[in-house]
Every structure is written in C-alpha cells, then in structure tokens.
Amino acid sequence: MTLRSRFEKTACAHIDAVYRAAFALCGARETAGDLVQTTFLKAFENFGSFKTDTNCKAWLMRILRNTWIDRLRRQKTAGPHLPLDEDGLEHKPVAIETVWSNPQDLLENFSDEQVIKALASLADDQRLTLFLVDVEGFSQEDVAKITGVAVGTVKSRTSRARAALREHLSSWAEEMGWTGGRQ
C-alpha cells in the first residue's frame, strides 16, 4: 500500500471532525476550510513519521491546533483582517415570545447564531478544549496530549468554558425576556 493510499484511508476519514474543530476555533467557514487544507497538507507531508498504532484523529487535532496558533501569530504581526462583505456585519437577534417550561427547552431553542457568538466569546484554548471534550468526545487525557497541557488544565478549561457559555446564554435569554431573571 502506498503512502498516499494509507494517508487517504487513515487520515482522510477524519476530515469532517477536523473541519468541525477548525470551525469551532475560528467561527468562519472560509477560514476553517483554509485551516483544514493546511492541516491535511502538513499531515500528508509528515505522514511517513506517523505511527499507525496511534490515534490519527488526535494527531490531526494537534496539527490543527498548532496551525491555528501559527495563523494567530502571523495575524498579530500583520494586523487584523477586516471583512468587506455583509457576513462581517452584526445582526440583531429577533425577539420570540415563548413560555419556557425547563432549562433544557431554553437551551434547545437558542439560535445557532447565539450559540456561535457565545462560543466565539470564549478564549481560543477554552473553545478548543470544550469542543474536543463535549463535541468530539475525546477523553480529558487525550485532549491534554492534543493541546500540550496537563489534565488538570483541561478540566479547568472545560469547567470555565461551560460556565462562561451558561452565563453568556442566560444573559441573552434574559435580554430576550425568556427567563424571569437570575436566581
């Protein structure tokens, strides 16, 4: 089996998960696509050193994380990117009159836009950690290896990210009149 066919069989099976992680990091489809492309290019270039008995998905996530950090460093020196299209404009949420019976109903009825904004408000390390743990289902030990931090740091980031999301979404629900105020 050639290196290319091994790569396609092993790594390309995780392209959707890597894209979801990239989107969770940056919040923009085009940027996420660029990150995925760069991640898979780097992975292919280094696939000869990949150990077949290890977790390829975790290996790809680590490459993605490092690619994202490199991109942020370059942007810091180049200055911010200003969008010229309508996607860069702020959108005001539309009020919906609904009576909520329980917190699960409330969470399920947040718009994707509000959840994305809440996720975007998190620090990059918290957003990636939360995504890898809660969405991709990696163990905290695997996330520690992917992100290069201690397991305790993963636990802390996950807890803080969940608390920040809860705070952000509950304050938005209050603004919309969906709750009776904080308890």
Side-chain angles (χ1 to χ4, degrees), residues 1-81 83-85 87-88 107-108 112-113 115-162 164-165:
M1 183 180 279
T2 67
L3 180 70
R4 180 180 173 159
S5 59
R6 280 192 317 117
F7 179 79
E8 289 172 354
K9 182 180 177 185
T10 307
C12 290
H14 303 292
I15 196 164
D16 290 339
V18 174
Y19 177 81
R20 287 190 304 268
F23 188 80
L25 277 172
C26 67
R29 286 181 178 89
E30 186 176 316
T31 304
D34 290 346
L35 284 170
V36 170
Q37 185 175 13
T38 304
T39 297
F40 274 85
L41 178 62
K42 288 178 179 180
F44 182 71
E45 289 171 347
N46 294 295
F47 197 67
S49 63
F50 174 72
K51 297 175 185 165
T52 56
D53 59 339
T54 59
N55 185 340
C56 185
K57 186 176 175 183
W59 181 68
L60 290 167
M61 293 296 181
R62 177 129 182 135
I63 295 170
L64 171 66
R65 176 189 168 269
N66 292 339
T67 301
W68 175 243
I69 290 170
D70 291 346
R71 185 182 186 109
L72 291 176
R73 286 181 185 142
R74 278 194 310 275
Q75 284 178 345
K76 200 178 251 187
T77 58
H81 169 72
L84 298 177
D85 58 350
D87 291 340
L107 184 58
E108 288 175 0
D112 288 343
E113 180 182 351
V115 173
I116 290 169
K117 283 182 180 179
L119 286 169
S121 72
L122 298 175
D124 289 342
D125 57 351
Q126 288 180 349
R127 186 171 49 249
L128 178 61
T129 301
L130 186 66
F131 179 81
L132 293 174
V133 170
D134 288 348
V135 177
E136 289 301 322
F138 280 106
S139 70
Q140 292 177 334
E141 291 77 16
D142 285 342
V143 174
K145 290 176 187 171
I146 291 168
T147 57
V149 298
V151 175
T153 302
V154 171
K155 290 177 181 181
S156 175
R157 286 179 182 172
T158 302
S159 176
R160 287 185 182 136
R162 287 175 182 160
L165 281 180

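Since the model is a prediction, treat every value here as computed from it, not as a measurement.
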| query | Salt bridge between Arg62 and Asp142, side-chain N to carboxylate O under 4.0 Å? | reply |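 Salt bridge flag = no for Asp142 with Arg62.
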
Least distance between heavy atoms, [X] atom then [Y] atom:
| X | Y | answer |
| --- | --- | --- |
| Asn46 | Lys42 | ND2-O, 2.8 Å |
| Ala21 | Leu64 | CB-CD2, 3.5 Å |
| Leu60 | Ala43 | CD2-CB, 3.6 Å |
| Cys26 | Ala32 | SG-N, 3.5 Å |

| task | Step through the shown structure and confirm whether more than 12 heavy atoms of other residues, nucleotides or ligands are within 6.0 Å of CD on Gln37. | result |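 For Gln37, atom CD is not crowded (no more than 12 foreign heavy atoms under 6.0 Å).
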
| query | With a cut-off of 6.0 Å (strictly less than), are more than 12 heavy atoms of other residues, nucleotides or ligands near CD of Glu141? | reply |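 Above 12, so yes.
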
| Checking side chain to side chain contact (heavy atoms under 4.5 Å, CB included) for the pair Tyr19/Arg29: CA distance, chi angles, key distance, verdict? | CA-CA 9 Å; Tyr19 177 81; Arg29 286 181 178 89; 3.4 Å; yes

| query | Are Arg71 and Thr38 close enough, and set up right, to give a side chain to side chain contact (heavy atoms under 4.5 Å, CB included), and what steps lead you there? | reply | CA-CA 10 Å; Arg71 185 182 186 109; Thr38 304; 5.9 Å; no

Roughly how far, to the nearest 0.5 Å, is [atom2] of [Y] from [atom1] of [X]?
| X | Y | atom1 | atom2 | value |
| --- | --- | --- | --- | --- |
| Leu132 | Arg20 | CG | CZ | 11.0 Å |
| Arg162 | Thr129 | CZ | OG1 | 11.0 Å |
| Trp68 | Leu128 | CH2 | CG | 10.5 Å |
| Asn66 | Thr39 | CG | OG1 | 9.0 Å |

| request: Please test Met61 against Glu136 for side chain to side chain contact (heavy atoms under 4.5 Å, CB included), starting from the C-alpha separation and ending with a verdict. | output: CA-CA 10 Å; Met61 293 296 181; Glu136 289 301 322; 4.2 Å; yes

Using residues 150-161 as the side-chain source, report each donor-acceptor pair under 3.5 Å to any protein atom, sequence neighbours left out, with the distance given to one decimal.
unit_1 : atom_1 : unit_2 : atom_2 : d
Ser156 : OG     : Arg160 : NH1    : 3.1
Arg157 : NE     : Asp125 : OD2    : 3.3
Arg157 : NH2    : Asp125 : OD2    : 3.4
Thr158 : OG1    : Val154 : O      : 2.8

Are the side chains of [X] and [Y] in touch, meaning some heavy atoms are under 4.5 Å apart?
| X | Y | result |
| --- | --- | --- |
| Leu3 | Phe47 | yes |
| Arg65 | Ile69 | yes |
| Val36 | Phe40 | yes |

| So is Lys145 actually on top of Phe138's ring, under 6.0 Å and inside 45° of the axis? |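 Here Lys145 fails the 6.0 Å and 45° test against Phe138.
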
| task | For a side chain to side chain contact (heavy atoms under 4.5 Å, CB included) with Thr67, tell me which candidate from Leu41, Leu35, Leu72 qualifies. | result |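 That would be Leu35; it is the only one of Leu41, Leu35, Leu72 passing the side chain to side chain contact (heavy atoms under 4.5 Å, CB included) with Thr67.
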
| query | Relative to the ring of Phe7, is the ring of Phe44 parallel (under 30°), tilted (30 to 60°) or perpendicular (over 60°)? | reply |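 Taking Phe7 first and then Phe44, their aromatic rings stand perpendicular (interplane angle over 60°).
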
| Has the side chain of Arg127 got a donor or acceptor atom that lies under 3.5 Å from a matching backbone atom of Ala24? |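 Yes, because the side chain of Arg127 sits within donor-acceptor range (under 3.5 Å) of the backbone of Ala24.
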
